[in-house]
Colleague: 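Can you keep this structure in mind? I'll have questions shortly.
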Protein chains: 2
Amino acid sequence: MAEANISDLIEQYLKEILSQDDFAEIKRSEIASRFAVVPSQINYVINTRFTLQNGYVVESKRGGGGYIRIEHVDLVDDTKIFDELIDYIGDSIGENNAGQIITALLNDKVVSEREANLMAAAIDKNSLRISDKVSENTVRARVLVGMVNRLRFESTNTHG
Amino acid sequence: MAEANISDLIEQYLKEILSQDDFAEIKRSEIASRFAVVPSQINYVINTRFTLQNGYVVESKRGGGGYIRIEHVDLVDDTKIFDELIDYIGDSIGENNAGQIITALLNDKVVSEREANLMAAAIDKNSLRISDKVSENTVRARVLVGMVNRLRFESTNTHG
DNA sequence: ATAATAATAGTCAGGAATGGTCAAATAATG
DNA sequence: CATTATTTGACCATTCCTGACTATTATTAT
């Protein structure tokens, strides 16, 4: 039970808000000055304590009237499966293995056929083709185009 | 909901009109003075919130009796718009624009909320982060992990 | 007709108000 | 001592708002 660092306090404060409202919409500079820390520490707290794995979705906007919104989302029942899957995937995975995972998710009815198709489109070799100077945006575009194209078809099996 | 921006209010106002009529035909200066902003802010609102990737088509005329007409286009049954969207994506697209497209697809019920979340996970900045020596398999892994993580959650809106 | 004028809308660049990233310094922990 | 977590600050990116200047269209005067 060691503690009392400021990040923990900020975490507590935000979770307090979340225990009452569906989401916490804050102004970064406001929270920073409330706790007398630099604004970027708010990002640190969010990045380390309000991650997807922990069940939080964060969205933000800059500029005038900017904000950071933290939302808590419900976990599905058996989250262990996903943890194992993610462990298995690790840092790198080939197209075949990835396709098998998607097929397994489909077989177990974790995802619908449409959803499986979307996932297959996203990880398709063509979508992810990387050359030296390719940018993040370029890859993203390919991924998105692949997925959008997939939506044209009602239901088609494409992975495996 | 912190709706502090005038631009947000103008956006709301226009969408209000669009929820009742097929299109919103406005006089720029009239809207500008109604919200006490300079006329060009109306262009700003339109350019940032009523773009093709948002699912809107805008046309206008200058001079006496000039107007701006905003029309909502439905992606469900408009194959041509679909093609234009893919054209728009092109070879490279940023996270925000990509997110807007996904939101538009969701709004027009082309995809379900779950599907939209999957797509958002696929194009997420973290999934697609590219460094020099990253391989295709590495990116694929990140994409897939991102999507699987998204499946943990029941149903939540995440893009915007 | 043509030219001038009025009435629109469009573009662009800049300033202000946010939030984001990254790496260095420091503290805590094993 | 080594590793990990926290804290900080310099620098970056995005969003909003404004105003000067430009472009287009309609109307009016000649």
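Note: hydrogens, waters and symmetry copies are ignored here, and every other heavy atom, side chains too, is used. Chain A is the first sequence line, chain B the second, and so forth, proteins listed ahead of strands; every chain is numbered from 1.
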Colleague: Within 45 degrees of the axis of the six-membered ring of B:Phe50 and under 6.0 Å from its centre: does B:Lys15 put its NZ or CZ there?
Modeller: yes
Colleague: Which nucleotide sits closest to the side chain of B:Arg62: D:dA23, D:dA13, D:dC17?
Modeller: D:dA23
Colleague: Do any N or O atoms from the side chain of B:Thr51 and from the backbone of B:Thr48 form a donor-acceptor pair under 3.5 angstrom?
Modeller: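 Pair absent, no side-chain N/O of B:Thr51 close to backbone of B:Thr48.
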Colleague: Between the base of C:dG20 and the side chain of A:Arg28, is one N or O donor paired with an acceptor at under 3.5 angstrom?
Modeller: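 Side chain to base: pair found, below 3.5 Å.
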Colleague: So what does A:Ser29 touch, heavy atoms closer than 4.0 Å: a base, only the sugar-phosphate, or nothing?
Modeller: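 The residue A:Ser29 makes sugar-phosphate contact but no base contact.
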Colleague: Can you tell me the distance, in whole Å, between the CG atom of B:Asn97 and the P atom of D:dT15?
Modeller: 9 Å
Colleague: What integer distance in Å separates B:Glu25:CD from C:dT8:C1'?
Modeller: 13 Å
Colleague: Mind calculating the distance between CD (B:Glu59) and C1' (C:dT8) to the nearest angstrom?
Modeller: 16 Å
Colleague: Between B:Val38 and B:Tyr44, which has a closest nucleotide on DNA chain D that is more 5'?
Modeller: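 Mapping each residue to its closest nucleotide by heavy atoms, the 5'-most match is B:Tyr44.
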Colleague: Verify the contact: side-chain N or O of B:Lys61 to OP1 or OP2 of C:dT8, cut-off strictly under 4.0 Å; return yes or no.
Modeller: no
Colleague: Would you mind reading off the distance between A:Lys27 atom NZ and C:dT18 atom C1', rounded to a whole angstrom?
Modeller: 7 Å
Colleague: Taking donor-acceptor contacts at under 3.5 Å, does the side chain of A:Ser40 reach the base of D:dG9?
Modeller: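 Checked by distance alone, the answer is yes.
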Colleague: If you find the nucleotide of DNA chain C closest to B:Val58 and the one closest to A:Asn47, which residue's nucleotide is nearer the 5' end?
Modeller: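 Result of the comparison: B:Val58.
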Colleague: Hey, is the side chain of B:Asn43 poking within less than 4.0 Å of OP1 or OP2 on D:dC17, counting only N and O atoms?
Modeller: no
Colleague: Measure the distance from CD1 on B:Ile26 to C1' on C:dA9 and round it to the nearest whole Å.
Modeller: 11 Å
Colleague: Would you please confirm or rule out a distance under 4.0 Å between OP1 or OP2 of C:dT8 and any side-chain N or O of B:Ser60?
Modeller: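 The answer is no; no side-chain N or O of B:Ser60 sits under 4.0 Å from OP1 or OP2.
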Colleague: Does atom CG of B:Asn126 have more than 12 heavy-atom neighbours, drawn from other residues, nucleotides or ligands, at distances under 6.0 Å?
Modeller: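 Yes.
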Colleague: To the nearest Å, give me how far apart CG (B:Asp8) and P (C:dT18) are.
Modeller: 14 Å
Colleague: Which part of the nucleic acid, if any, lies within reach of B:Gly66 when heavy atoms closer than 4.0 Å are counted: base, sugar-phosphate only, or nothing?
Modeller: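 Sugar-phosphate, no base atom in range.
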Colleague: Hey, are A:Arg140 and B:Asp124 close enough for a salt bridge, meaning a charged N less than 4.0 Å from a carboxylate O?
Modeller: no
Colleague: Separation of B:Ile46 atom CD1 from C:dC12 atom C1', in whole Å?
Modeller: 17 Å
Colleague: Strictly distance-based, threshold 3.5 Å: is any side-chain N or O of A:Glu25 a donor or acceptor partner for the main-chain N or O of A:Arg69?
Modeller: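 It does not hold such a pair.
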Colleague: For B:Ile42, report the nucleic acid contact type (base, sugar-phosphate, nothing); a contact means any heavy atom under 4.0 Å.
Modeller: nothing
Colleague: So, is A:Arg49 close to the D:dA5 phosphate, meaning a side-chain N or O under 4.0 Å from OP1 or OP2?
Modeller: no
